[in-house]
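Hydrogens, waters and symmetry mates are skipped; everything else that's a heavy atom, side chains included, is used.
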Amino acid sequence: MNILTQVFQTPYNSAPFSKIKNEDYQPAFEINIEKARAEIDTITQNPDAPTFENTIEALEFSGQALDRLSSIFFNLNSAETNDEMQKIAQEVSPLLTAFSNDISLNEELFARVKVVYEQRDQLNLNAEQATLLEKKFKGFARNGALLSEADKAKLREIDTELAKCKLTFGEHVLAETNNYQLHISNEEDLQGLPEDAKEMASALAKSKGVDGYIFTLDFPSYLPFVTYVENRELRKELAIAAGKKAFQGNEFDNQELVKRIVSLRHQRAQLLGYNSHAQFVLEERMAQSPEKVQTFLQDLLAKAKPAAQRDFTQLYAFAQELDGITTFEKWDSAYYSEKLKQKLFSVDDEVLKPYFKLDNVLHGAFTIAEKLFGITFREIHTVDKYHADVQTFEVVDADQNLVALFYTDFFPRKGKRNGAWMTSYKPQYQFKGKHERPHVSIVCNFTPPTETKPSLLTFNEVTTLFHEFGHALHGMLANTTYPSLSGTSVFWDFVELPSQVMENWCYEPEALALFAKHYKTGEIIPQEYVNKIKESASFMEGMATLRQLSFGLLDMAYHAKAQEITDVKAFEKAAMDETALFPDVAENCMSVSFSHIFQGGYSSGYYSYKWAEVLDADAFAYFQEKGIFNTEVASKFKEHVLSKGGTEAPMTLYKRFRGQEPQPEALLRRAGLV
């Protein structure tokens, strides 16, 4: 019996991870695709005239079993993959792409949708229904329903190839990350490295049966090394290794894939009647057009560049004064930033980390959510997990009703991709009188515990946890009817608002007092450290802003117009030229491991991090004005932003919460750029 084709007999209808076998996936996909096809046939063969209920709603709730299976499989392929799963992904992706195209190019189905869409003004729909109808109609038009048969066939080919290219891109980056290690046998070479980072490297070496220390390109291993190790040549070695992932002319090289993905996206956009991939994507974003994004990025660049150059000059002068450095290189940046930060603010991650025990930080996030939104988190052990590191929580409201099931997965391991993300195993929606609650997960790669210490987070990891938790709250507090409009199913440049706004609480003494306690003594973080954290929040912010803008500009360079890319490295260099501060490193190329835009969903959307920062700074200014735990502001945020998902236009929702459009001044003030 294939567990993936049955109704799960589990608490909260949770995924039965431990009972799933790899060989279950392919047959389950085939069965669930057929089931979804049958549901579509029921809609197209309905003899009754098309209505909102028998066509739009029926389409929305079709394919639920397939969606659930896809979320389980692809989430695990990111968090707990192996060679066999990657092979399955390569086999099922074309099936899913073909099925998705079969729907979007189904003429009978589109004809029914079009009839309902053309009657929309007479249908008396509420805001959510009107949005769903608009999205369904556009979903067809934007995916080729209006094309000729020949062009539809061409679109299918492009989509199938694109799906495979993106998967392969990600597999190459993961393989290159896993294939590299820096083995150091002499402890003298690790002068400056904190003890817990050394202990972690020693434990890793031991697990691989070698003496000494092993460092990898996983963030918790990489970052302390380039931040603290005094040996400049070794910092250089590790930094160059990180920068040349998938740029080594080997079987995992991504240069041709970058060119191919960019080319296919452009062909696809043109086929659908758009000038560029960016124009296609941005039609469904708050920003609306490539021109508006370029203007937004250039305006910020004009404000940030002088500050970035001041930061750079200050840092370079400090490195010269301290160590006589004559050329300032990329592998010097984190090291001297940390040294200068210690000098200016007398605080560093090693002093702060004992106050940020992972368990305390997580429960601090829970407490803040309880104060703001009236929800409680309880750890449970009755729900199946896909790895021993995963923790599971039930989330309930004041009346003890289930709000969500919440999974956390915090430490790096071989089958897990780098970075941090929020995802969902089951969406929130209402169907046939039943309110289905979501199953939400956050996945990170934090500093793991060692034999002598619990997991102690850097302040950057603390803000990362709060960021992903903000996305999770957006998913958990969803309260919509339709799954495709629920939770984080919003315009991409709006999705980062809930995540980025949550980071603000990490800097507030009132919030820190709830969780920043010394892991040995229980002492609350001293006020002077809190002051230092706040003072140093905008330290080197000019350089940090310039870095983010460089990624946004690179993304737009690839996707805002047609171009023949003959040399990926040269193209990248030209695109990022106006943001460059450091000398170029010939062996390195960022594009070939830029997973956000070539594997994830951020193509033509990387600007949205900065766009959402404008929203989040403005939103948090409202909290600060009224009190950071003000329940009136919090309930407005919950009601108009977190619970509404994508049911209405984001600016409409934001103005309902805030009473006005966002003002960029709040961001510029917070970042110290004015």
Side-chain angles (χ1 to χ4, degrees), residues 1-22 24-25 28 64-65 67-81 85 357-367 369-370 373-411 413 415-416 421-431 434-444 446 448-449 454-455 465 468-469 471-479 483 486-487:
M1 185 181 84
N2 186 334
I3 188 113
L4 292 172
T5 59
Q6 315 297 312
V7 174
F8 301 152
Q9 303 299 324
T10 53
Y12 304 122
N13 185 20
S14 55
F17 296 114
S18 65
K19 297 184 178 64
I20 301 170
K21 298 189 284 291
N22 277 348
D24 294 337
Y25 286 117
Q64 283 182 298
D67 291 343
R68 187 85 200 272
L69 170 62
S70 296
S71 70
I72 291 170
F73 175 76
F74 287 103
N75 282 333
L76 290 181
N77 194 39
S78 286
E80 184 62 6
T81 194
M85 280 192 81
K357 181 180 165 186
L358 172 58
D359 290 350
N360 294 347
V361 177
L362 181 63
H363 286 95
F366 291 169
T367 307
E370 187 172 351
F373 309 119
I375 53 177
T376 307
F377 292 74
R378 292 193 292 247
E379 186 167 12
I380 52 171
H381 300 283
T382 51
V383 168
D384 213 344
K385 309 192 288 197
Y386 58 84
H387 190 276
D389 286 350
V390 175
Q391 285 177 281
T392 49
F393 301 87
E394 60 180 11
V395 188
V396 295
D397 65 16
D399 300 321
Q400 302 304 300
N401 300 313
L402 183 75
V403 172
L405 192 59
F406 182 47
Y407 299 84
T408 64
D409 177 2
F410 288 128
F411 306 121
R413 53 179 177 267
K416 185 180 190 180
W421 61 94
M422 165 268 175
T423 187
S424 118
Y425 284 95
K426 176 178 176 286
Q428 173 273 332
Y429 57 93
Q430 296 175 51
F431 187 57
K434 188 165 183 239
H435 197 153
E436 296 284 348
R437 295 310 305 167
H439 299 177
V440 170
S441 169
I442 60 175
V443 188
C444 305
F446 290 154
S455 171
L465 191 152
E468 298 310 331
F469 186 64
H471 280 311
L473 288 170
H474 202 183
M476 290 189 268
L477 294 172
N479 186 21
S486 175

Checklist entry - Under 4.5 Å between any side-chain heavy atoms of Thr408 and Leu465, yes or no? => result no

Item to check | Side chain proximity check, Ile20 to Tyr386, heavy atoms < 4.5 angstrom | outcome: no

Checklist outcome for this item: Heavy-atom closest pair (Cys444 atom, Lys416 atom, distance to 0.1 Å) is O-NZ, 2.7 Å

Checklist entry - Can you name the closest pair of heavy atoms from Pro438 and Gly475 and give their distance? => result CG-O, 3.4 Å

Checklist entry - Side chains of Glu80 and Phe17: closer than 4.5 Å at any heavy-atom pair? => result no

Next on the checklist: Which residues pass the side-chain hydrogen bond (donor to acceptor under 3.5 Å, both in side chains) test with Lys357, not counting sequence neighbours?
Outcome noted: none

Item to check | Closest contact, heavy atoms only, Tyr429 versus Pro483 | outcome: CB-CD, 3.5 Å

Next on the checklist: Using the side-chain contact (heavy atoms from CB on, under 4.5 Å) criterion, which residues pair with Asp397? Sequence neighbours excluded.
Outcome noted: Asp399, Asn401, Val403

Item to check | From Leu402 atom CG to His435 atom NE2, the distance as rounded to the nearest 0.5 Å | outcome: 10.0 Å

Checklist entry - How long is the span from the OG atom in Ser441 to the CD atom in Glu468, to the nearest 0.5 Å? => result 10.0 Å

Item to check | Minimum side-chain heavy-atom gap Tyr407-Val443 below 4.5 Å | outcome: no

Next on the checklist: Please enumerate all residues that pass ring pair (Phe, Tyr, Trp, His ring centres under 6.0 Å) together with Phe373, with sequence neighbours excluded.
Outcome noted: none

Next on the checklist: Less than 4.5 Å apart, side chain to side chain, heavy atoms only: is that true for Phe446 and Val361?
Outcome noted: no

Next on the checklist: Just verifying a value: how many Å separate Leu362 CG and Phe406 CZ, rounded to the nearest 0.5 Å?
Outcome noted: 6.5 Å

Item to check | Pairing residues for Gln9 by the side-chain contact (heavy atoms from CB on, under 4.5 Å) criterion, not counting sequence neighbours | outcome: Val7

Item to check | side-chain contact (heavy atoms from CB on, under 4.5 Å) partners of Ala65, counting only residues at least two apart | outcome: Asn32, Lys35

Next on the checklist: To the closest 0.5 Å, what do you measure between CZ (Phe8) and CD1 (Ile3)?
Outcome noted: 7.0 Å

Next on the checklist: Applying salt bridge (charged side-chain N to carboxylate O under 4.0 Å, His left out), can you list everything that pairs with Asp389, at least two apart in sequence or on another chain?
Outcome noted: Arg413

Checklist entry - In chain order, what residues pass the ring pair (Phe, Tyr, Trp, His ring centres under 6.0 Å) check against Phe431, with sequence neighbours excluded? => result Phe61

Checklist entry - Looking at Met422 and Val440, what are the two nearest heavy atoms and their distance? => result CE-CG1, 3.9 Å

Next on the checklist: Does any part of the side chain of Thr376, heavy atoms only, come nearer than 4.5 Å to the side chain of Gln400, both counted from C-beta?
Outcome noted: no

Checklist entry - Ser455: what forms a side-chain hydrogen bond (donor to acceptor under 3.5 Å, both in side chains) with it, not counting sequence neighbours? => result none

Checklist entry - Hey, is the main chain of Pro427 close enough, under 3.5 Å, to the side chain of Arg68 for a donor-acceptor pair? => result no

Item to check | Taking every non-hydrogen atom, the tightest pair across Ala28 and Leu4 | outcome: CB-CB, 3.6 Å

Item to check | Which atom of Val383 lies closest to which atom of Pro11, heavy atoms considered | outcome: CG2-CB, 4.4 Å

Item to check | Set of residues satisfying side-chain contact (heavy atoms from CB on, under 4.5 Å) with respect to Ser486, sequence neighbours excluded | outcome: Gln428, Ala478, Thr480

Checklist entry - Thr423: what forms a side-chain hydrogen bond (donor to acceptor under 3.5 Å, both in side chains) with it, not counting sequence neighbours? => result Asn75

Next on the checklist: Using side-chain heavy atoms (C-beta onward) and a distance below 4.5 Å, is Tyr12 in contact with Thr392?
Outcome noted: no

Checklist entry - Taking the six-membered ring where the residue is Trp, are the ring centres of Phe366 and Phe393 under 6.0 Å apart? => result yes

Checklist entry - If you look only at pairs with a residue in residues 375-385, which of them pass as a salt bridge (charged side-chain N to carboxylate O under 4.0 Å, His left out), with sequence neighbours excluded? => result Arg378-Glu394

Checklist outcome for this item: Between the CG atom in Asp409 and the CH2 atom in Trp421, the distance rounded to the nearest 0.5 Å is 7.5 Å

Next on the checklist: Quick check: do Phe73 and Met85 have side-chain heavy atoms less than 4.5 Å from each other?
Outcome noted: yes

Checklist outcome for this item: In this structure, CD1 of Ile442 is separated from OG of Ser424 (nearest 0.5 Å) by 13.5 Å

Checklist entry - Mind checking what makes salt bridge (charged side-chain N to carboxylate O under 4.0 Å, His left out) contact with Glu436, not counting sequence neighbours? => result Lys426, Lys434

